[in-house]
*Asks:* 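The structure under discussion is supplied below as structure tokens; questions concerning it will follow.
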Amino acid sequence: MSQHIVLLAGDGIGPEIVAEAEKVLTQVNEQFSLGLSWNHELLGGAAIDAHGVPLPDVTLDAARKADAILLGAVGGPKWDAIERSIRPERGLLKIRAELNLFANLRPALLYPQLAAASSLKPEIVSGLDLLIVRELTGGIYFGQPRGIRILENGERQGFNTDIYSESEIRRIAHVAFQLAQKRNKRVLSVDKANVLEVTELWKQVVTEVSAEYPDVALSHMYVDNAAMQLVRAPKQFDVIVTGNLFGDILSDQAAMLTGSIGMLPSASLDQQKKGMYEPCHGSAPDIAGQGIANPLATILSVAMMLRYSLNAPLAAEAIEAAVGRVLDQGLRTADIFSEGTTRVGTKAMGDAVVAALAG
Ligand SMILES: NC(=O)c1ccc[n+]([C@@H]2O[C@H](COP(=O)([O-])OP(=O)(O)OC[C@H]3O[C@@H](n4cnc5c(N)ncnc54)[C@H](O)[C@@H]3O)[C@@H](O)[C@H]2O)c1
Ligand SMILES: CC(C)[C@H](C(=O)O)[C@@H](O)C(=O)O
Ligand SMILES: [Mg+2]
């Protein structure tokens with residue numbers, strides 16, 4: 001039976017980068033006779049404008065029925081001023097929760113051609129290939145109670161709850177250990193167990209789960225040290241498993257080691273490996289509409305989608321190789337530009353990947 005994808009372009013640069021990913025999807029669909037079909041739905045600010053809510057039922061229903069979802073990015077200043085409950089980002093959190101997409105895989109891989117674009121010296125980052133496994137549907141992002149309240153003295157107080165149950169920690173730990181078995185058999189669990197009980201439990205449960213994976217070496221690090229080590233000696237890392245908030249922060253940091261946040265794809269998977277795929281970056285309002293955004297993280301997210309949800313690993317590899325060839329040709333969007341390379345816009349970058357696939 002043919003497989004169906006829902007595309008959620010979103011806001012800001014979202015539509016620009018998803019348009020390029022769609023071209024790549026069209027090319028691999030034909031080239032590899034994948035028989036894929038897809039349609040567009042609204043999420044985020046675009047959905048607020050059309051329906052008054054960031055995640056309309058029609059989008060959620062379509063996403064539930066689809067075999068995979070490709071998302072651009074959501075959010076932007078236009079919607080920040082309105083009531084907190086309908087911020088575009090809440091649509092993103094809701095779709096992650098509704099679809100139970102608890103396992104967020106964020107690979108930070110340095111294409112050798114981009115060593116000069118990395119924030120770190122080439123000798124520190126060359127060969128970098130790490131995978132952040134971020135828990136995505138729990139922790140402080142979803143914990144109750146939360147809110148902003150008025151105290152008796154009239155002062156406002158903001159509060160959130162960082163909370164993880166054992167089963168939530170267990171299932172993400174299994175994902176990390178199983179991915180490590182296919183990689184270099186090392187897992188680092190990142191916590192703040194010296195201060196936060198919720199992460200003390202995290203550390204205990206990950207350690208318990210590790211007993212089921214005697215072939216994988218487990219180590220632990222506090223998040224502040226991990227942030228420092230990521231820029232000091234990032235190649236010491238292989239699979240990093242951590243909670244929702246720490247994973248969000250560390251993955252943006254890891255992105256810069258690969259040259260740009262515009263290079264980092266992601267997969268958000270449920271228990272059955274159904275997934276939503278998206279670049280790790282946001283809607284980049286500062287460059288939206290200028291045709292200069294880097295579409296490669298979104299295009300590489302298509303590759304992850306083909307590999308993890310659509311059972312088309314050869315098409316995934318072809319996309320990754322095509323990205324490599326385009327970088328070999330010296331083509332660079334502004335965010336990864338360095339001396340001696342050729343600066344191109346979003347469309348030209350997408351077209352070059354399609355041409356590299358076809359050629
Ligand atoms: N998954 C998502 O949809 C997602 C992720 C992160 C942020 N957001 C939202 O996006 C909005 C903007 O957030 P922000 O500015 O903190 O983060 P951002 O990731 O949108 O932008 C941070 C910086 O990186 C640059 N950048 C991001 N993607 C790029 C690309 N593909 N090519 C070139 N440069 C790129 C931007 O121009 C900006 O300077 C906010 O509303 C935020 O909540 C959404
Ligand atoms: C937009 C926001 C809700 C989101 C997150 O924090 O998860 C983003 O930063 C991400 O990394 O996907
Ligand atoms: Mg983030």
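Whatever order the structure lists them in is the order used to number ligands and atoms, beginning at 1.
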*Asks:* Tell me the protein N, O or S atoms under 2.8 Å from the Mg ion (ligand 3), in chain and number order.
*Replies:* Asp248 OD1
*Asks:* Any salt bridge linking Asp67 with Lys274? Criterion: basic side-chain nitrogen under 4.0 Å from a carboxylate oxygen.
*Replies:* no
*Asks:* Please walk me through it: do Trp79 and Asp49 pass side-chain hydrogen bond (donor to acceptor under 3.5 Å, both in side chains)?
*Replies:* CA-CA 9 Å; Trp79 303 278; Asp49 288 349; 3.1 Å; yes
*Asks:* Answer yes or no: is there a side-chain heavy-atom contact under 4.5 Å between Tyr277 and Ser266?
*Replies:*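 Sidechains of Ser266 and Tyr277: no contact.
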*Asks:* Tell me whether the guanidinium CZ or amine NZ of Arg332 lies under 6.0 angstrom from the six-membered ring centre of Phe337 and within 45° of its axis.
*Replies:* no
*Asks:* Counting only heavy atoms and a distance below 4.0 Å, can you name the residues contacting ligand 2?
*Replies:*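 For ligand 2, the contacting residues are Glu89, Leu92, Leu93, Arg96, Arg106, Arg134, Tyr141, Asp248, Cys280.
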*Asks:* Can you run down the side chain to side chain donor-acceptor pair (under 3.5 Å) pairs that involve residues 249-264, sequence neighbours left out, and say none if there aren't any?
*Replies:* Arg106-Ser251, Ser260-Asp335
*Asks:* Within the 3.5 Å criterion, strictly below it, is a donor on Asn104 or Ser268 matched to an acceptor on the partner's side chain?
*Replies:* yes
*Asks:* Do the charged groups of Glu16 and Lys347 touch, with an N to O distance under 4.0 Å?
*Replies:*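 A salt bridge is absent here (no side-chain N lies under 4.0 Å from a carboxylate O).
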*Asks:* Identify whether NZ of Lys or CZ of Arg in Arg146 sits under 6.0 Å from the centre of the six-membered ring of Phe159 and within 45° of that ring's axis.
*Replies:* no
*Asks:* Could you tell me whether Lys78 and Asp11 make a salt bridge, using a distance below 4.0 angstrom between a side-chain N and a carboxylate O?
*Replies:*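 The answer is no: the pair does not qualify as a salt bridge.
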*Asks:* Contact residues of ligand 1 with a heavy-atom cut-off of under 4.0 Å?
*Replies:* Ile13, Ala73, Val74, Gly75, Gly76, Glu89, Leu92, Ile261, Gly262, Glu278, Cys280, His281, Gly282, Ser283, Ala284, Pro285, Asp286, Ile287, Ala293, Asn294, Asp335
*Asks:* Run the numbers on Asp328 and Gln113 for side-chain hydrogen bond (donor to acceptor under 3.5 Å, both in side chains), then give the verdict.
*Replies:* CA-CA 7 Å; Asp328 282 340; Gln113 302 89 330; 2.7 Å; yes
*Asks:* Mark yes or no: Arg134 above the aromatic ring of Phe246, with NZ or CZ under 6.0 Å from the six-membered ring centre and no more than 45 degrees from the axis.
*Replies:*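 Cation-pi check for Arg134 and Phe246: fails.
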*Asks:* Could you tell me whether the side chains of Asn244 and Tyr164 share a donor-acceptor contact shorter than 3.5 Å?
*Replies:*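 Short answer, no.
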*Asks:* Tell me whether Lys192 is salt-bridged to Glu197, with the criterion being a basic N under 4.0 Å from an acidic carboxylate O.
*Replies:*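 No, no charged N to carboxylate O under 4.0 Å.
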